[in-house]
A.B. asks: 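Just passing along the structure, written as structure tokens.
Protein chains get the first letters and strands the later ones, always in sequence-line order, with residue 1 at the start of each.
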There are 4 protein chains.
Amino acid sequence: MSGVSTAADRAAERAEQRRADIVHAAFKVFTQRGYHATGIADIAGELGIGHGTFYRYFENKRDILVHVLADAAKRLLSVIDFDEPGDTDSLAEYRAQTERICHRLFTLFAESPELVRLLFVEGLAADPELTELTLGTHRAIAEGTALYLRNGVHKGFLPADLDVEVTAHALVGVIISCGLSLLTAADPVAERDRWIRAGTRVMFDGIAH
Amino acid sequence: MSGVSTAADRAAERAEQRRADIVHAAFKVFTQRGYHATGIADIAGELGIGHGTFYRYFENKRDILVHVLADAAKRLLSVIDFDEPGDTDSLAEYRAQTERICHRLFTLFAESPELVRLLFVEGLAADPELTELTLGTHRAIAEGTALYLRNGVHKGFLPADLDVEVTAHALVGVIISCGLSLLTAADPVAERDRWIRAGTRVMFDGIAH
Amino acid sequence: MSGVSTAADRAAERAEQRRADIVHAAFKVFTQRGYHATGIADIAGELGIGHGTFYRYFENKRDILVHVLADAAKRLLSVIDFDEPGDTDSLAEYRAQTERICHRLFTLFAESPELVRLLFVEGLAADPELTELTLGTHRAIAEGTALYLRNGVHKGFLPADLDVEVTAHALVGVIISCGLSLLTAADPVAERDRWIRAGTRVMFDGIAH
Amino acid sequence: MSGVSTAADRAAERAEQRRADIVHAAFKVFTQRGYHATGIADIAGELGIGHGTFYRYFENKRDILVHVLADAAKRLLSVIDFDEPGDTDSLAEYRAQTERICHRLFTLFAESPELVRLLFVEGLAADPELTELTLGTHRAIAEGTALYLRNGVHKGFLPADLDVEVTAHALVGVIISCGLSLLTAADPVAERDRWIRAGTRVMFDGIAH
DNA sequence: TATGAATGAGCTTTCATTCAT
DNA sequence: TATGAATGAAAGCTCATTCAT
């Protein structure tokens, strides 16, 4: 609050900024060349800093990937968490809400395929331990999704015997598949809209209606 | 038919057997340690052969992965292709068929999580080119799935305006998510059954019914 | 002489023929790709035989090179030894003889640059020991040359204080340089004739006349 | 001039020094064991540095050989270029000059047989491309020699119809042969003197005088 | 704090040689 | 006798990480 130790504060601030810069640069090169094909020198080169400097901010190559993944997961989750599970009181409201969320989410996928690449591709296979971590992120998304389902069950507009956990996970599968599809889509925006429509349709109506 | 050139035949047979052995061993170590953490020496060691021998049968490390992936994809696809898309004439029949397919598929996942690991994890991120190849396998599964949907649309028990391609892809997402879930499931068989039930339910009825 | 053990004789003959074939094939590939870049498989492949067969006729890779070098040296020396050192009784006769020898020798170089490559390039640097062996061949040529010079000194048409050994060696240097020049000559025959003329001229008259 | 950026200067200087050290070490081991028998580890070991360090200064094994050869060629050529072709106006002066050059050159050979080994043996056969490069060095020596001959023709103390190019090349052959001879000479200095005498004699007088 | 020179573990790959068939 | 499958020593090279400056 006070002006005391401002110099130290500024230093800490600059350090924080540099950490963020490095995470950003690593995100870029990891998604471009892939985690294993990327060298620390590539990350440092992207920023124009010495690669020794990297080690003043991160433990090692794996460490930066963990941070990049966490950052990416946070970005993705913020898109889902933007809405409030408890806000909806009817199926129609929930469906509208779902469409909004899918729109935001799939727009994010269409606009930053790097994020998809990182969370659904690179992070998944960097090493066995990170597979677990990334699957944890998937689980976190599933849990976020489950909150909405539970609200519906609680409010009565979703059936009481819905297997909330597995269903939520299945929906995450749809999200993953959408992300991977947009990765190679010729027209990502058009593809995104097809996914929003077809995705919410199968989710709410099933394929038969 | 005749006994002529039996020696050469036997040699070719043994070579083919050895190739299969190497693919099998590579499958095992790739799924255990991950592609990048695996050395050729690990594959050779698994078989108790000299690592120079490996290079008599495969070009290089990438080559064996491609073969392992192809083998895994074939195994997975054969489970789906086992049924005949045109066999069903009503929604009820299709639903029963779907349950059978899911049962076989998810049983495969539960019994050989390595296959899941390979097709949905390792193969996806070994290198950018292999990501494409693996996404191609996903597309192949989606196309297999689409055949069933198209049969339903054609027969009239599925709505004419169903977005078959995207819906099929979405279902592949469910399959992927199921595979990944079973990877860490405490009781894979029980989990498998939940996925069969919840999966077919959301697929046919949507979440609302 | 008798017909006894003809079968064994024929076998030995065939073996000898095959040794010669292998030497010939090795000569070809060594001069094309260089000794170190050549594999045993290349030699065997050139002959269409299994590479295991190679080892039934030669100890190892170095062994075949020694034989190839010996064969090449023999061919080169036979061109020099074709004449009789004692045949000439005057400077004019010796000069005519030298021109004949040079003609034969340089024609050999022009026609089979591979022989040059082998004796003055590959053999020289295959390994330290073979350098000695090849320098021995050079010395053998020098000794052959020295015989002619000694005849001249003995007959009195060359000065008594001529340093026969070193001069002979110097002439070998001219031969080597001619060989290497023809290796990259655009018109080897024309170049050959220039070397015969200029070479005998400097040898007999020095540069000043 | 100023003290500015002295640190960077010193770094560059040290780097240059290290490059020179590596060239020097490589020169030594290449001439001892031969190019192909030498490993990068041998070069690094000679200097007591890690072999990874080698790759900070040179692209690969071939790269260092090229540099070693260039360095050796420069040293040899500097001995020839020390004199001025145009300095002599009579045959006697040219002969004296030639003797001086031969003295310096053959002394270099006697004192550093490694240089001979490198330029006339190793460099010649390391690989086909380097054969060309080394023959290029021989051509450069021939061209240097040709300058002297042309001076004599121009001044009139050498015959107008002298085939300068081929004669120069022939003299290079004598130089090569001298170098190779000194390689195995029991008493290199005595041998050197014989070559100076016999070499200049045959060059200027031919064998007959 | 920033740097990049130095390091060496560890990898992929080659190929001369052996030997069972 | 002819073969080629099997082998593993050995080499070149990369790159994450350390640390003196």
A.B. asks: Please name all residues satisfying side-chain contact (heavy atoms from CB on, under 4.5 Å) with E16(B), sequence neighbours left out, ordered by chain then number.
C.D. replies: R19(B)

A.B. asks: Who are the side-chain contact (heavy atoms from CB on, under 4.5 Å) partners of R75(C), not counting sequence neighbours?
C.D. replies: F27(C), D71(C), L115(C)

A.B. asks: How long is the span from the CZ atom in R117(C) to the CZ atom in F30(C), to the nearest 0.5 Å?
C.D. replies: 14.5 Å

A.B. asks: Given pairs defined as Watson-Crick or G-U wobble with both distances under 3.5 Å, what dot-bracket annotation applies to DNA chain E, with ( ) intrastrand, [ ] crossing, | other strand and . unpaired?
C.D. replies: .||||||||||||||||||||

A.B. asks: In this structure, how many angstroms lie between the P atom of dC11(E) and the CG atom of D42(B), rounded?
C.D. replies: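 Whole-Å distance recorded here is 7 Å.
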
A.B. asks: May I have the distance from L47(B) (atom CG) to dT7(F) (atom P), rounded to whole angstrom?
C.D. replies: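 One finds 10 Å between P of dT7(F) and CG of L47(B), rounded.
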
A.B. asks: Is the NZ or CZ atom of K61(B) both under 6.0 Å from the centre of the six-membered ring of Y35(B) and within 45° of that ring's axis?
C.D. replies: yes

A.B. asks: With sequence neighbours excluded, tell me which residues meet side-chain contact (heavy atoms from CB on, under 4.5 Å) with D63(B).
C.D. replies: F58(B), E59(B), N60(B), H67(B)

A.B. asks: Quick one: OG1 on T134(B) to CG on L65(B), what's the gap to the nearest 0.5 Å?
C.D. replies: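 It comes to 7.5 Å.
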
A.B. asks: Provide, to the nearest angstrom, the distance between the OH atom belonging to Y57(C) and the C1' atom belonging to dT3(F).
C.D. replies: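 Rounding to the nearest Å, OH of Y57(C) and C1' of dT3(F) are 12 Å apart.
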
A.B. asks: Rounded to whole Å, please give me the gap between CD1 in I64(B) and P in dT12(E).
C.D. replies: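 Atom-to-atom, I64(B) to dT12(E), this comes out as 13 Å.
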
A.B. asks: What does R18(C) touch in the nucleic acid at a heavy-atom separation under 4.0 angstrom: a base, only the sugar-phosphate, or nothing?
C.D. replies: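 If one applies the 4.0 Å heavy-atom cut-off, R18(C) turns out to touch the sugar-phosphate alone, with no base involved.
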
A.B. asks: At under 4.0 Å between heavy atoms, what does F58(D) touch on the DNA or RNA strands: base, sugar-phosphate, or nothing?
C.D. replies: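 Nothing, no heavy atom under 4.0 Å.
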
A.B. asks: In B/S/- notation, 5' to 3', how is nucleotides 12-21 of chain F contacted by protein heavy atoms closer than 4.0 Å?
C.D. replies: SBB-SBB---

A.B. asks: Could you tell me the separation between the CD1 atom of I40(D) and the CZ atom of F54(D), rounded to the nearest 0.5 Å?
C.D. replies: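 The CZ atom of F54(D) is 3.5 Å from CD1 of I40(D), to the nearest 0.5 Å.
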
A.B. asks: Rounding to a whole Å, what distance do you find between R14(B):CZ and dG4(F):C1'?
C.D. replies: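 R14(B) atom CZ is separated from dG4(F) atom C1' by 10 Å.
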
A.B. asks: Could you tell me which residues satisfy side-chain contact (heavy atoms from CB on, under 4.5 Å) with L133(C), sequence neighbours excluded, listed by chain and number?
C.D. replies: V66(C), L69(C), L130(C)

